[in-house]
There are 2 protein chains.
Amino acid sequence: MRAFWEHGYEAVSIADLTETMGIKAPSLYAAFGDKRTLFEEAVEAYVRDFGAFSGQALTEEPTARRAVARMLREAAAFHTLPGYPRGCMIITAATNCTAQSEEVMRSLQGRRAQTVELLEWRIQEDIRSGELPGDTDAHTLATYGATVLQGMSQQARDGADRTTLERVAELAMAAWPAGRSDEEGEGGSAREA
Amino acid sequence: MRAFWEHGYEAVSIADLTETMGIKAPSLYAAFGDKRTLFEEAVEAYVRDFGAFSGQALTEEPTARRAVARMLREAAAFHTLPGYPRGCMIITAATNCTAQSEEVMRSLQGRRAQTVELLEWRIQEDIRSGELPGDTDAHTLATYGATVLQGMSQQARDGADRTTLERVAELAMAAWPAGRSDEEGEGGSAREA
DNA sequence: GTCTTTCTATAGCAACCGATACAGAAAAGG
DNA sequence: CCTTTTCTGTATCGGTTGCTATAGAAAGAC
């Protein structure tokens, strides 16, 4: 997983994997069957251990605004974990692809699209509930959230440190429209006028 | 150039290049000497024809704010040119790299860092001139600009259309602090209090 | 102990990688 | 016309890719 995370799908060879895993090629193929299958399992392990924060933030927080704020804040941390590759595996692991690994690319592309759709759905939910004004552009807003998230991954890869990214995440939220629940006061949860 | 732009450095083979260029391998090596050299020339051709907008915006505009606004607006167009690969070649062409092409990766990384440094320098210039308040965090602000720019490239690759990206660019500027020249009125150039 | 089952390591498969040696065709000079 | 030079195409180099057949070692059953 770490090898795929750092170098991407095609740039990691079977020889690299057998070397870092301490096993020989036949054992690897007996256990995983295929390089693609092994990659898919590595992706699922990554999502489980390091990539679940975005889905959790987008489902657990009460408003889309708080969800995105938390997602970006935690992304700053997860994209700069000490001792781990920088950036997000889902974003970077399949960007330079041959024709034969197009399916792998589209697989990760689907996962990214899933996150954007979930975010857009949360925004539309806030529009329906009156939390956000009725003329809010949900598609643009969701794309903006994904843009900042994926840009932070690239910046982490290029060496940006965690505190800088956390400040970027906080700054990015200044462009996000304030909802009804955080118009006055700042608790936003218990205080209802 | 288009092949490297779309698939990246390592994912394009010499056979791909000789096929799309209509020449055989020995002619290619006689003309360019090396795959790496050919890639570098392709990068320079890309920067000249499609990637100069960011440098121009960052040097020609009177303030850092207007520079970033223009850079992001034009990026939305250049990252979604009809008939060309999506996104920015400098950002995506060398992300999945083997150990042998680390130099290529660092070369593009250096070009990206150059843009961020130029942006940060423009911001500090505005701070010195009083256009921006003295406690402005130039490093965070420059990283934010680069984050949105690179995130837009990723979004373009994932299928975002031009108008959506232009709205994202405009929305992103809502997080950018207003300078002294655009506090009141909106011309900002001829009107001096 | 002996037999059976599971696992692992050696060796090698066809296909492709970047890069060249060499021969033949085309063009330029007289 | 002939010679010299430049260019292009065929064939191939050693190395690596993902993947596997086959033989040998380790472990469990009794």
Side-chain angles (χ1 to χ4, degrees), chain A residues 1-47 85 89-90 92-111, chain B residues 1-47 85 89-90 92-111:
Chain A
M1 183 193 71
R2 290 161 96 111
F4 282 133
W5 187 354
E6 182 168 3
H7 298 288
Y9 175 67
E10 284 202 322
V12 174
S13 71
I14 300 292
D16 295 332
L17 293 170
T18 57
E19 192 173 346
T20 59
M21 296 170 82
I23 60 175
K24 302 295 176 180
S27 305
L28 187 148
Y29 278 93
F32 301 100
D34 204 347
K35 187 188 179 185
R36 240 208 87 181
T37 310
L38 172 56
F39 178 75
E40 297 286 351
E41 291 197 28
V43 167
E44 281 174 22
Y46 172 82
V47 170
M89 180 179 177
I90 307 297
T92 56
T95 58
N96 301 147
C97 289
T98 331
Q100 68 186 1
S101 63
E102 249 183 60
E103 289 185 17
V104 176
M105 193 189 118
R106 273 199 286 269
S107 168
L108 293 192
Q109 199 167 329
R111 286 179 188 267
Chain B
M1 181 193 71
R2 291 161 94 110
F4 282 133
W5 187 353
E6 183 169 2
H7 298 288
Y9 175 67
E10 285 201 320
V12 174
S13 69
I14 301 293
D16 295 332
L17 293 170
T18 57
E19 192 173 347
T20 60
M21 295 170 83
I23 60 175
K24 302 294 176 181
S27 304
L28 188 149
Y29 279 92
F32 301 99
D34 204 346
K35 188 189 177 186
R36 239 208 88 179
T37 310
L38 172 56
F39 178 75
E40 296 286 352
E41 292 198 26
V43 167
E44 281 174 22
Y46 171 83
V47 170
M89 181 179 176
I90 308 298
T92 58
T95 57
N96 300 147
C97 289
T98 330
Q100 67 185 1
S101 63
E102 249 185 59
E103 290 185 17
V104 176
M105 193 189 116
R106 274 200 284 268
S107 167
L108 294 192
Q109 199 168 330
R111 286 180 187 267

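Below, read A as the first sequence line, B as the second, and so on, with proteins coming before strands; counting in each chain starts at 1.
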Check: Glu10(B) side chain, Thr98(B) main-chain N or O, donor-acceptor pair, under 3.5 Å: yes
Boundaries of the chain A footprint along DNA chain D (any atom under 4.0 Å from a heavy atom): dT17(D) to dA21(D)
Atom-pair distance (CG on Leu28(A); P on dT10(C)), nearest Å: 16 Å
Non-hydrogen side-chain atoms of Val43(A) and Arg111(A) separated by less than 4.5 Å: yes
Rounded distance (Å) that lies between atom C1' of dG12(C) and atom NZ of Lys24(A): 15 Å
Shortest non-hydrogen contact between Gly8(A) and Asn96(B), atoms and distance: CA-ND2, 3.6 Å
Integer-rounded Å distance: dG18(C) P and Glu10(B) CD: 9 Å
Sub-4.0 Å heavy-atom contacts from residues 32-43 of chain B onto DNA chain C, ordered by number: Asp34(B), Lys35(B)
Tyr29(A) OH - dC13(C) C1' separation (whole Å): 13 Å
Separation between CD of Gln109(A) and OG1 of Thr95(A), rounded to the nearest 0.5 Å: 11.5 Å
Expected output: side-chain Ser101(B) to main-chain Cys97(B) donor-acceptor under 3.5 Å: no
Heavy-atom pair with the smallest gap, counting every atom of Phe4(B) and Ala93(B): O-CB, 3.9 Å
Atom-pair distance (CD1 on Ile14(B); C1' on dC17(C)), nearest Å: 9 Å
Glu40(A) with Arg36(A): basic N within carboxylate O range, under 4.0 Å: yes
Along DNA chain D (nearest heavy atom to each residue), the more 5'-positioned of Asp16(A) and Pro26(B): Pro26(B)
Non-hydrogen atoms of Lys35(B) and Val12(B) that approach each other most closely: NZ-O, 2.8 Å
